[in-house]
Protein chains: 2
Amino acid sequence: MQKTKRLLAIEKIIEEAHISTQDELLKRLKGKGISCTQATLSRNLRQLGVARIPNSTGGYKYFLSENIRSTANSPVKLNIVPVIQDIVEAKGLMVIKTIPGNASNTAFFIDGAGRYEIAGTIAGDDTILLIPRDGITLQQVHTCLEIILPGIHDQIKKK
Amino acid sequence: MQKTKRLLAIEKIIEEAHISTQDELLKRLKGKGISCTQATLSRNLRQLGVARIPNSTGGYKYFLSENIRSTANSPVKLNIVPVIQDIVEAKGLMVIKTIPGNASNTAFFIDGAGRYEIAGTIAGDDTILLIPRDGITLQQVHTCLEIILPGIHDQIKKK
DNA sequence: TTGTTTTTTGCATATTTATACATTTGTTTT
DNA sequence: AAAACAAATGTATAAATATGCAAAAAACAA
C-alpha cells in the first residue's frame, strides 16, 4: 500500500532530520519519490502521534512521541517456519494461535516491528492476544501483519 | 512582573487540565484574572517549550516538554526501578509494557494494591492488560497508578 | 527625576496545520 | 464481474498558531 510506505518514510525522516514544518517534510518525501498533499501529511502525523516542539533557537522540530521502533534489528525471521496456526478475531481484538511454546517469541517479533497499528500484544504459551490501537480496523491489522510476516495469511489458509 | 505570573499559571494549567488550543488556555487564564492575547500566549508557549501532541481520540493536548523530552539533563530518580516501559490505551483498556519477564510481578503488585478502579489484570511476559471497572475513566486509572507506583508516569516520559 | 535602552505586548496579518466534502482507490461479497 | 463497502486522498477552506512592527511598559543610567 502507498500509505504504509509513506508512514515509514515519514518516521524515518523525522528521526533523522530536523523537520520544522509539514511543507518541509513534504519536499523531503518528494525527494524520495513519495508525493502527497499537506492535508494527507497532517492526517498521517496525527496517526503517528508526531509532536511539534519549539526549541530555544527560535525554530520547531517534529518528534515521534513514541520511541524509536526499528524493524532492522530483529534477529529472527519467524515466517520461515509455519509457527502461526490460526487467527481469530473477537471483541475488536485479534487472537493468534501458534504451535506450542512459540507465542512469546512470535509476539516479541511482532512487537519488534514497532507498528503503530498495534497497541500491544500479550503472549501465553501458544496464544497471542493482539490489541489494535483505537481507530485501527482489524483489516488494517491484517495488512500490517502481512507486512511484518509476509505470507502469513497464505500459510494459514493452506493448512 | 506580569509575565512571570502568567508563565507559572500556564504551566500549572497545562499540567492539570487537558488543553488543546491556545484560545482554550486563554479563557482559562482569563478565569484566573490573567489576560493577554493569543499572540502573547504563542510566544510564552515557545518560551516554556510546550508541545502540542495529537491523541488517538482525535484531539490535541499541550504538554510541558520537560514531561516528554527524554534525556541527559534530567535527574534520575534512583528509587524507581525502570521496569515499566510504556503505557498505551486502547479499547478503553490499558496496555502496560514492562521490561521482559517483569509483567507478572508488576501485575501482581498492581493487583495487590486492591484498588477499586481496577477490575483485573492479565500479564504475559512483558505486557500487562489492565481492565478498568465500568464507569472508570482511563484518566482515573492513571491517577490510580500514580498512587500505586509513584513516579510511574515521569519514568515513562523521561525514557 | 529625565533620557536611553531593553523587554513585553497588542494588532494585524502571514504562516502553518486541520478538516469537511467529494472523489478515487482498494477490498470484500455475491 | 459487478455491486457494496471501506479506506485513502486531494481540493478548498477553516482553524490554529506564529510573527513583523509599532506602541507601551519596565529596567537602567546619569
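First the proteins, then the strands, lettered A, B, ... as listed; each starts at 1. Note that the structure is predicted; figures quoted are calculated from it, not measured.
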inquiry  = Looking at the base of C/dA18, is there any donor atom on it, or on the side chain of A/Gln38, that sits under 3.5 Å from an acceptor on the other one?
reply    = yes
task = Output yes when at least one side-chain N/O atom of B/Ser42 is less than 4.0 Å from OP1 or OP2 of D/dT17, else no.
result = no
message = Output the rounded distance in Å from CD1 (A/Ile10) to P (C/dT17).
response = 13 Å
ask   = To the nearest 0.5 Å, what is the distance between CD (B/Glu11) and CG (B/Leu45)?
value = 10.5 Å
inquiry  = Distance check needed: D/dA15 P versus B/Glu24 CD, whole Å only.
reply    = 15 Å
Residue A/Thr21, side-chain atoms from C-beta onward, closest of C/dT17, C/dT9, D/dT19 = C/dT17
Min side-chain heavy-atom separation B/Ile128-B/Met94 under 4.5 Å = no
inquiry  = For B/Ile53 versus B/Phe63, what's the shortest heavy-atom pair and its separation?
reply    = CD1-CD1, 3.7 Å
Nucleotide paired to C/dT30 in any strand shown, Watson-Crick or G-U, under 3.5 Å = D/dA1
inquiry  = Whole angstroms only, please: what is the CG-C1' distance between A/Asp23 and D/dA18?
reply    = 15 Å
ask   = Would one find a side-chain N or O of B/Thr40 under 4.0 angstrom from OP1 or OP2 of C/dG10?
value = yes
task = In whole angstrom, give the distance that lies between atom CG of B/Leu25 and atom P of D/dA18.
result = 12 Å
inquiry  = Please tell me if B/Tyr60 has a side-chain N or O lying less than 4.0 Å from either OP1 or OP2 of D/dA16.
reply    = no
Separation of C/dT9 C1' from B/Leu7 CG (nearest whole Å) = 13 Å
request  = Report the distance from atom CG of A/Leu41 to atom P of D/dA8, rounded to the nearest whole Å.
outcome  = 15 Å
ask   = Same cluster for B/Val50 and B/Leu8 if Ile/Leu/Val/Met/Phe/Trp/Tyr side chains link at under 4.5 Å?
value = no
request  = Quick one: label B/Arg43 by what it contacts on the DNA or RNA (base, sugar-phosphate, nothing), any heavy atom closer than 4.0 Å.
outcome  = base
query = Atom CG of B/Leu48 to atom P of C/dT8: distance rounded to whole Å?
reply = 12 Å
note = Re D/dA30: Watson-Crick or G-U wobble partner, both distances kept under 3.5 Å, found to be C/dT1
inquiry  = I want to check one thing: is the phosphate of D/dA16, taken as OP1 and OP2, less than 4.0 Å away from some side-chain N or O of B/Tyr62?
reply    = no
note = Between A/Ile122 and B/Ala123 the two heavy atoms that sit nearest each other are CG2-C, 4.2 Å
task = May I have the distance from B/Leu45 (atom CG) to D/dT19 (atom C1'), rounded to whole angstrom?
result = 14 Å
message = For D/dT9 and A/Arg6 - does any side-chain N or O of the residue sit under 4.0 Å from the phosphate oxygens OP1/OP2?
response = yes
